[in-house]
Amino acid sequence: MACSRPVPHFSRPSIIALYLLVVAIFTAAVGWVSLRDGLDRLAERGAADLSLSSGRLTGELQRYRELAVFFADHPTLMPLARVNKGGDPAADALLLAAADRTGSDRIELVGRNGQVLASSRRDSGIRAHQGIPVFLQHALNGTIGFAHMIDPTTNRRMFIYAAPVFASSGPVLAAITIRLDVETVEAASRGEVETSFFTDSEGVVFVSNRDELVLRAQQLHQTSTPSVPPDQIQAFPPLTEYTIAGHSLWAIKAGPYLPDLALHLTRPLPVIAMRGEILLDAAPVLQTALMQAATAAALCLIFGAALLTVSERRRMLAQRLGVEARLNAELEERVAARTRELTSAQANLIRAGKLSALGQMSAGLSHELNQPLMAIRSYAENAAAFIERGKPQAAADNLLQISDLARRMGRIIRNLRAFARQEVEGFADVDLVAAVAAVLEITQPRMRQESVTLDYAAPDQRVMVRGGEVRLQQVVLNLIANALDAMKDQRSARLSLRIETEGDRVRLYLRDSGPGIAEPDRMFDPFYSTKAVGSAEGMGLGLSISYAIIDSFGGAISGRNAAGGGAEFCVELARAQAKQEP
Ligand code: ADP
């Protein structure tokens, strides 16, 4: 036998909880994917922005580097360098003009010992550097020096390039230094949307388009010769760093001009020994991710709610159908019970009806049989008395009366025996023409006596029908006897008989010229009779018995008042299917 695996059954709350869990996981996944993609795109854009601002800074610085190199072999400066002495106003004027044109803070020609030979600053005069800084040393050694620093007098941030001035014979005679104010470089990038800044190797933000970050350090790498004096360095605004999908995110509190949540990108700038950094506002990405997650969650929840509603409806419907089915079953059971009661009541009624019919019948029978019996008794006593007195003729008359009465009693009993016969006689193919002929033979004497004209053209062939021979004769006899009874007091009495065949039906029509049927609706009722009770004919059983007999043959009997007067009866029978004998 195939056995099915048991279906696990989950309760409603656990299904809902499971669904919510799935929705939560799905929502988180949608949010995560959106956040990751958003950060990837932001990082791409940020890298491009950072590359742009780094390029701008290095490009700008490159210009000043080239300017330093340009002045390194300038004819006005070379003589001063050669003699290692300053004091040439023409040289100072040249450098001033150049500084003004290029926006440099200061351009100087510095001698081998660090003394200034010519300067763009009129007030500077000839003064010696305190010691020789590393960048200048580089220049005096024949390479280009570069440095950033805070001007000790003005406290401004400066970039410095130093280029060597070579003698035609080869050695370095002096150096050209160009100082550049960082703020002039920054000015161009002030209005940028994104926050960018450049951190030196000591960890100090030296250039930025946001003042809030300038000269601030996250982690200071102190050296013996710091570019920025430690007392000028401030702490970096407080921040928390997160790493999400491989991106660094800063949650930072640094005023309205910096994003609170920022994507942080860096890029090394070895040319100027700094690191370029950029902060991009990550809030929109986060908002988009949250929005998409919320939308996904809302759609899932709406879908889930719809699903829940539908399943709830179906459950209610199933419940209602269940209730209806139960009510129907109850109703059917009640109907069945009622039907049983009615059936038994009906059976009782039928039984009662049968008993009452039996009672009526016995009353009628006892009356019918008792009367002639009483008469027979008195005729017999009379006959005996006449014989005693020697009057045989009178006695014979009485005996004749007795004989008549006995015949009448026999007729009554014959009627009743029809019931018994009906039970035993089977079905056969019966010739209707022969049955009619047999009945006519019996009734012929009476018809002659009562001057009844017979109007009947007997078919010259047999007309076979389904039925029982004796019972069929009894029906025909009943109908003819009724017709003769009806026409008893008439002068010109006429009885018409007709046999018709139509398809598989055969009809026998009997029409008389009597007064017609008094109550056509009642004439088939048992014991219905318009004839005098006690007369030989009036039992009221003839038609009802005939009806039952023809009905048992599968036929029908009907009677009506004919249009031209008199009664017309029709007996319809099933035609026998068997082959007819010739
Ligand atoms: P009964 O002949 O004993 O009265 P039936 O059942 O044979 O009983 O007939 C019932 C009644 O039907 C008759 O009493 C009579 O009123 C009516 N009836 C039957 N045949 C005819 C007929 N041919 N013409 C007029 N009435 C008829």
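Along the sequence shown, the residues carry numbers beginning at 1. Counting convention: from 1, in listed order, for ligands and their atoms alike. Please read all numbers here as calculations on a predicted model, not as lab measurements.
Remark: ligand 1 atoms within the under-4.0 Å shell around heavy atoms of A483 are 23 (N). Every atom of ligand 1 with a heavy atom of G516 under 4.0 Å away is listed here by number and element: 25 (C), 26 (N). Ligand-side atoms of ligand 1 in range of D512: 22 (C), 23 (N), 24 (N), range being under 4.0 angstrom from any heavy atom.
At a 4.0 Å heavy-atom cut-off, ligand 1 touches A486 through the side chain alone.
For S529, a nitrogen or oxygen atom sits less than 3.5 Å from a nitrogen or oxygen atom of ligand 1, counting backbone and side chain alike. Ligand 1 has no N or O atom lying under 3.5 Å from any N or O atom of F569, backbone or side chain. Checked against a 3.5 angstrom limit, the closest N/O atoms of T530 and ligand 1 fall inside it. Residue N478 places no N or O, backbone or side chain, under 3.5 Å from any N or O of ligand 1.
With a 4.5 Å cut-off on side-chain heavy atoms, N561 and P520 count as touching. Looking at R522 and D525, their side chains come closer than 4.5 Å, going by heavy atoms from C-beta outward.
Take F236 and apply the ring-ring contact (aromatic ring centres under 6.0 Å, His included) test, not counting sequence neighbours, and it matches W250.
Note on residues 469-526: pairs passing ring-ring contact (aromatic ring centres under 6.0 Å, His included), not counting sequence neighbours, are F524-Y547.
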Please evaluate residues R45 and E194 with respect to the criterion salt bridge (charged side-chain N to carboxylate O under 4.0 Å, His left out), reporting the C-alpha separation (whole Å), side-chain torsions for both, the decisive distance (0.1 Å), and the verdict. CA-CA 11 Å; R45 188 161 62 76; E194 312 299 358; 3.1 Å; yes
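Residues E241 and H264 bring no donor and acceptor atom of their side chains to less than 3.5 Å of each other.
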